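Note sheet for the following structure.
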Amino acid sequence: MKAAVYYETGGPDVFRYEDVPDPTCGPGEVLVRVEAVSIEGGDTLNRLGGDLTTVPHIVGYQCAGVVVEVGEGVDDLAAGDRVVTVGLDGSHAELRVAGRAFCWPIPEGVPTEEAACVPVPFGTADDSLFEFGRLQAGETALIHAGASGVGIAAIQLAKRAGARVLATASSPERLARLADLGLDHGIDYSATDFVEAVRTLTDGRGADVIVDSVGGSNLQRSLHCLAYRGRCVTFGDAGRETPSTLDISTMRANNQTLVGYFLGAELFLGTRAHAMIAGHLDDLAAGGLRVVIDRTFPLAEAGEAHAYIESRRAFGRVLLVP
Ligand SMILES: NC(=O)c1ccc[n+]([C@@H]2O[C@H](COP(=O)([O-])OP(=O)(O)OC[C@H]3O[C@@H](n4cnc5c(N)ncnc54)[C@H](OP(=O)(O)O)[C@@H]3O)[C@@H](O)[C@H]2O)c1
């Protein structure tokens, strides 16, 4: 099969478009012919640095397509079914193998390209807001990187749960596009101090739940605009800062909570998160949730697609099509 691979981590130009052996389908697994790859925020970070588990390496968490073969023990999917899949790597390719617990059938009426964008962003947003953030109707949620994949999912989920939704982004144009997804107040952090803005918008209380995908100094500042009894959920390092020591000295007196979150662990350890994500796909089919696709590139142009995302111009998801 063809795949976008790299031999060392680095900038988007590390990608090579090459022939590699087809993956094989083991017991409990599903082999998929990929039709749409959703480039996740973690894919660009994994390409940028860190250890390579295989060389050449095929990066990528999430893609959707058509089942080609099912392994022993998989009796509820068959060749020809459309599925969206998640795995630790391997999405940037013509074929992908995933464990059955990391596959979701695509509901009728949902385009494969849209389904490709659902599990990781919507699962992460939902768990951060509700399972770990304990967001209640009437509370205020601050969603960082509102124009990101997770951000766009979180804005919709928080709004429909009856919360007041604040979000940050790097330009007023990006924030303006979030209004019809449920954003109540946008904060352009390139021009405004978001800590001050959140305090002003909440009459000094702060946000009840903060969903922080940016990390680094952003996470520190999130703690400075967290309400009494507030919950801050950290799950990403999109800001690309080296992890720094956090000052948590203000948290105890304010009965606040800081939670780390990893969707992969929830999917590995039980069935709850799988069912939650199946619900998001059904909601997409029913028109209750929306996926925003910015641009599509051929798989052969994975480097150009990653460079476009890192130029900060992407709004929502960028896809690769084999
Ligand atoms: N723990 C988990 O289970 C989990 C699950 C999903 C995602 N994540 C993590 O969450 C983060 C976001 O994922 P995503 O898929 O939502 O990402 P994405 O769609 O690629 O968006 C990333 C956003 O980060 C913002 N950003 C801030 N500083 C940036 C910088 N220096 N360079 C590039 N972008 C920057 C950009 O928005 P502005 O330009 O508007 O600031 C951009 O929209 C990633 O770190 C990812 O690894 C973790």
Side-chain angles (χ1 to χ4, degrees), residues 11-12 37-50 59-62 86-89 91 102 116-129 131-133 142-157 166-178 183 186-192 194 210-219 221-222 233-243 259-269 273 276-277 280 291-295 305-320:
V37 179
S38 164
I39 304 177
E40 297 299 303
D43 296 351
T44 60
L45 287 166
N46 289 335
R47 190 219 67 236
L48 195 58
V59 76
Y61 288 121
Q62 184 162 269
V86 167
L88 290 176
D89 52 33
S91 76
F102 300 86
C117 305
V118 170
V120 173
F122 281 89
T124 303
D126 200 319
D127 264 358
S128 296
L129 289 167
E131 183 76 6
F132 292 87
L142 170 65
I143 292 151
H144 282 298
S148 66
V150 178
I152 285 173
I155 288 169
Q156 296 177 72
L157 294 172
L166 318 183
T168 62
S170 56
S171 74
E173 294 73 27
R174 289 164 79 69
L175 292 167
R177 293 180 66 184
L178 294 170
L183 181 64
I187 302 168
D188 169 11
Y189 71 83
S190 69
T192 315
F194 79 77
I210 301 184
V211 171
D212 193 317
S213 60
V214 178
S217 54
N218 195 82
L219 179 59
R221 292 164 67 227
S222 289
V233 184
T234 166
F235 59 87
D237 290 305
R240 291 155 168 74
E241 286 179 25
T242 339
V259 199
Y261 177 72
F262 175 46
L263 174 65
E266 293 300 307
L267 289 171
F268 267 113
L269 295 173
M276 165 191 65
I277 288 167
H280 297 142
V291 156
V292 178
I293 295 173
D294 179 301
R295 271 182 77 174
H306 276 230
Y308 175 67
I309 292 170
E310 291 185 337
S311 73
R312 311 282 284 271
R313 283 174 293 157
F315 182 85
R317 276 290 173 255
V318 175
L319 300 189
L320 294 172

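We count ligands from 1, going down the list as the structure has it; atoms in each ligand are counted the same way. Every value quoted in this text rests on a predicted model; they were computed, and no experiment measured them.
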Among [options], which one has a heavy atom closest to [atom]?
atom: atom 9 (C) of ligand 1; options: Phe122, Tyr261, Phe235; answer: Phe235
atom: atom 34 (N) of ligand 1; options: Arg312, His144, His306, Arg174; answer: Arg312
atom: atom 23 (C) of ligand 1; options: Ala153, Ser148, Ala314; answer: Ser148
atom: atom 24 (O) of ligand 1; options: Ala265, Ser311, Ser190, Ala238; answer: Ala238
atom: atom 11 (C) of ligand 1; options: Ser171, Gly123, Ser213, Gly260; answer: Ser213

Mode of [X] contact toward ligand 1 - side chain, backbone, both, neither (heavy atoms, under 4.0 Å):
X: Leu45; result: side chain
X: Glu310; result: neither
X: Asp237; result: backbone

State whether the shortest distance between N or O atoms of [X] and N or O atoms of ligand 1 falls below 3.5 angstrom.
X: Gly41; value: yes
X: Ile309; value: no
X: Gly149; value: yes

> Does NZ or CZ of Arg174 lie under 6.0 Å from the centre of the six-membered ring of Phe315, at an angle within 45° of the ring axis?
Replying inline: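 No cation-pi geometry.
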>> Check this for me, if you would: do Glu173 and Arg313 make a salt bridge, where the nitrogen-to-carboxylate-oxygen distance has to be below 4.0 angstrom?
In response: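 Salt bridge: no.
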> Counting from 1, what ligand 1 atoms have a heavy atom of Gly236 closer than 4.0 Å?
Replying inline: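 Those atoms are 9 (C), 10 (O), 45 (O).
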> Side chains of His144 and Phe194: closer than 4.5 Å at any heavy-atom pair?
Replying inline: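 The answer is yes, as the side chains (C-beta and beyond) meet within the 4.5 Å cut-off.
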